[in-house]
Amino acid sequence: MKNCLICQTNIDVFMDFGQQPIANGFVTKEQFDDEYFFHMQTAFCPKCTMVQLIEQPDREKMFHENYAFFSSTSNYMVKHFAAFVEDMTSRQNLGTNSFAVEIGCNDGILSQNFVKAGIPHLGVEPSKNVAEIARSKGVNVTTEFFDKALAETAIKNYKKADAIFSANVMCHIPYMHSVFEGIKILLDENGIFAFEDPYLGDIIQKTSFDQIYDEHVFFFSAHSVSYLANMHGLELFDIAPQITHGGSMRYYIAHKDAKPLSQNVSKQLQFEKELGLDEGKTFTAFNAKIDKIKSDLITLLQKLHNEGKKVVAYGATSKSTTTANYFGITPELVQFVSDTTPIKQGKYTPGMHIPVVSHETFVASEPDYVLLFAWNHAKEIMENEAAYMKNRGAKWIMYIPQVEIVEA
Ligand code: SAH
Ligand code: TYD
């Protein structure tokens, strides 16, 4: 029995993934024997409705100078973040007299838009290698973890923020109260804190269980975010669904009563009630669906292997670390994973040790089937690879929301 990280209520485990490695911890052969594993379990809090990991590895084990996730590998995401800055610029009239902060700016994919628009800003990014790339784009970055102490330093060195952005970062931070205390201090009285993360509603509707891995400690909904904001004298005043990362939600938060309350919030809360996101039994049903995907995918991969087909995978995502390890996808079933990120190439996937190769190797390899680990980028990837796949007569294997073979 554990206590909820948000409201301290006793919470029960609804899903046990067993021992899992660091999702972005790609390893060399020499590192096979001393890989780090942790017990990955998820729980639902019946009081504040937050879905969360029970145990999370120390943050320094995940976010460091060799962090393997580089945001700018997707052109679609580059456009998406430019649009996020435009959205907030029009809401807050951001300009040369404003101050914007981004929490978890990674390689500068979002903050580079502040540089282009001349908006004074601060990017907060603890992983040194990606922070360095952001700096090379002119982004003003501090290489630290965001929390209350950092917010206190930031108002001394700069001023209160008109806009605080964060994408795919809040869900990574277990010390959420320190973060919200920091937001409360740093946010100007008319400021907006807008953050987006994979949305619990999509995870349940699509059975996208692979959003669950070491870095993702929280799976947010309008219910849980609204509860959390209220605890800190803040308010969730608007909400906007996004198609990124297989279905995300953008949450707009302000000081209590500072901004008009949009009907989008009450509509979303109603939708979540209909979906059962406020009830424990929803998550038990989710479990059964994961096990169906597991048995369907392993049966298919085993069959193709027995038929002598060449099966490879596309996208060495963090998500696929959960899929491969929980399902037992070995290098026998999937010969390699293609990924454009140089730091991942030549290494092996965490836990299952499938080799990661370059896109050039993929093209030369002539596969029969390609398992799309980066299913959240399906549109972009399938368009880019359509001609190659057709010429080769290769087919895609999808597994979210269910296992299916898709013609190119
Ligand atoms: N915003 C980017 C990056 C997401 S990856 C995008 O959406 O693509 C998550 C990032 O959060 C990593 O770069 C990691 O180093 C960073 N991070 C983790 N904990 C953090 C914290 N407490 N404060 C700021 N950044 C953090
Ligand atoms: P992504 O699904 O964005 O993230 P996560 O790690 O959070 O699950 O990761 C996409 C991975 O796929 C990343 O390592 C880059 C790779 N990739 C390609 O190899 N080719 C592509 O065309 C795209 C879009 C991504």
Side-chain angles (χ1 to χ4, degrees), residues 23-24 26 56 58-60 62-78 80-81 84 101-111 122-131 133-134 141-151 164-176 178-179 182 195-198 208 210-217 242 244-246 248 313-323 337-345 349-350 356-362 370 372-385 400:
N24 268 310
F26 294 86
Q56 200 194 26
D58 291 344
R59 63 189 191 178
E60 287 78 11
M62 299 181 282
F63 310 116
H64 43 61
E65 67 285 359
N66 287 315
Y67 187 57
F69 180 73
F70 290 66
S71 302
S72 299
T73 44
S74 161
N75 291 330
Y76 180 81
M77 293 307 284
V78 172
H80 170 78
F81 287 127
F84 189 0
V101 174
E102 188 192 1
I103 302 173
C105 67
N106 198 274
D107 61 10
I109 188 168
L110 185 150
S111 284
L122 174 68
V124 185
E125 177 48 65
S127 298
K128 286 204 178 82
N129 58 339
V130 288
I133 300 177
V141 189
T142 178
T143 318
E144 279 167 287
F145 289 93
F146 184 87
D147 58 9
K148 186 183 179 188
L150 187 125
I164 304 179
F165 295 74
S166 195
N168 308 303
V169 177
M170 285 300 115
C171 72
H172 293 63
I173 310 181
Y175 41 100
M176 197 39 63
S178 175
V179 168
F195 74 93
E196 56 185 48
D197 275 300
S208 44
D210 54 354
Q211 290 291 0
I212 304 171
Y213 54 87
D214 58 354
E215 294 178 23
H216 287 176
V217 68
Q242 308 294 321
T244 50
H245 285 288
S248 295
Y314 202 109
T317 58
S318 329
K319 293 184 288 297
S320 63
T321 296
T322 296
T323 308
V337 190
S338 166
D339 199 288
T340 52
T341 317
I343 198 175
K344 297 181 183 176
Q345 295 164 358
T349 63
V356 182
V357 305
S358 66
H359 185 254
E360 292 70 32
T361 306
F362 165 76
V370 184
L372 189 56
F373 274 153
W375 57 267
N376 47 310
H377 297 289
K379 189 170 179 292
E380 181 174 353
I381 292 173
M382 285 175 159
E383 277 171 15
N384 288 344
E385 303 296 352
I400 302 287

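Counting starts at 1 for both ligands and their atoms, in listed order. Quick note: residue numbers are just sequence positions, from 1.
- For atom 17 (N) of ligand 2, the nearest non-hydrogen atom of the protein is Thr340 OG1, 3.9 Å.
- At least one N or O atom of His377 sits closer than 3.5 Å to an N or O atom of ligand 2.
- In this structure the side chain of Asn129 reaches within 4.5 angstrom of the side chain of Ile343, judged on heavy atoms.
- For Lys319, a nitrogen or oxygen atom sits less than 3.5 Å from a nitrogen or oxygen atom of ligand 2, counting backbone and side chain alike.
- Listed for the Glu102 side chain is no donor-acceptor partner under 3.5 Å among the backbone atoms of Ser166.
- Residue Tyr314 places a heavy atom under 4.0 Å from ligand 2.
- Contact annotation: the side chain of Ser320 never approaches that of Val337 to less than 4.5 Å [non-hydrogen atoms, C-beta and beyond].
- Among all protein heavy atoms, the one lying closest to atom 4 (O) of ligand 2 is Phe69 CE1, 3.5 Å.
- Counting atoms of ligand 2 from 1 in the listed order, those under 4.0 Å from a heavy atom of Thr341 are 14 (O), 15 (C).
- Using the six-membered ring where Trp is involved, His245 and Phe69 have ring planes that are tilted, between 30° and 60° apart.
- Within the 4.0 Å heavy-atom criterion, the part of Tyr213 lying near ligand 2 is the side chain and not the backbone.
- The proximity of Lys344 to ligand 2, defined as any non-hydrogen pair under 4.0 Å, is limited to the side chain.
- Ring-plane geometry between Tyr67 and His64 is classed as perpendicular, the angle between the planes exceeding 60 degrees on a 0 to 90 degree scale with a lower cut at 30.
- Applying the 4.0 Å criterion to heavy atoms of Thr73 picks out, from ligand 2, the atoms 15 (C).
- Residue contacts with ligand 2, taken as heavy atom pairs separated by less than 4.0 Å, involve Ile381 solely via side-chain atoms from C-beta onward.
- Not one N or O of His245 is nearer than 3.5 Å to an N or O of ligand 2, by distance alone.
- Residues Phe63 and Glu215 meet the side-chain proximity criterion, which asks for heavy atoms closer than 4.5 Å.
- Without hydrogens or angle criteria, Lys344 side chain to Asp339 main chain gives no donor-acceptor distance under 3.5 Å.
- Using cut-offs of 30° and 60° for the angle between ring planes, the His172 and His216 rings count as perpendicular.
- When heavy-atom distances to ligand 1 are checked against 4.0 Å, the residues falling inside are Phe63, Tyr67, Phe69, Ser71, Phe81, Glu102, Ile103, Gly104, Asn106, Val124, Glu125, Pro126, Ser127, Phe145, Phe146, Ala167, Asn168, Val169, His172, Ile173, Tyr175, ordered by chain and number.
- Nearest heavy atom pair, residue Met176 against residue Met170, reads CE-O, 3.0 Å.
- Thr317 CG2, 3.5 Å is the protein heavy atom nearest to atom 9 (O) of ligand 2.
- Looking only at protein heavy atoms, the nearest one to atom 16 (C) of ligand 2 is Asp339 OD2, 3.2 Å.
- Using a 4.5 Å cut-off on side-chain heavy atoms (C-beta onward), Asn66 and Phe26 make no contact.
- Annotation: side chain of Val356 is in contact with side chain of Thr349 (closest heavy-atom distance under 4.5 Å).
- The heavy-atom pair separating Pro126 from Thr143 by the smallest distance is O-CG2, 3.6 Å.
- Between the side chains of Thr321 and Ser318, not a single donor N or O lies within less than 3.5 Å of an accepting N or O.
- Using a 4.5 Å heavy-atom cutoff, the side chains of Thr317 and Trp375 are not in contact.
- For atom 6 (O) of ligand 2, the nearest non-hydrogen atom of the protein is Ser318 OG, 2.5 Å.
- The N/O atoms of Asn376, backbone and side chain alike, include one that comes under 3.5 Å of an N/O atom in ligand 2.
- The Gly315 neighbourhood of ligand 2 comprises atoms 12 (O), with distances under 4.0 Å to a heavy atom of that residue.
- Contact annotation: for Tyr76 versus ligand 2, there are no heavy atoms closer than 4.0 Å.
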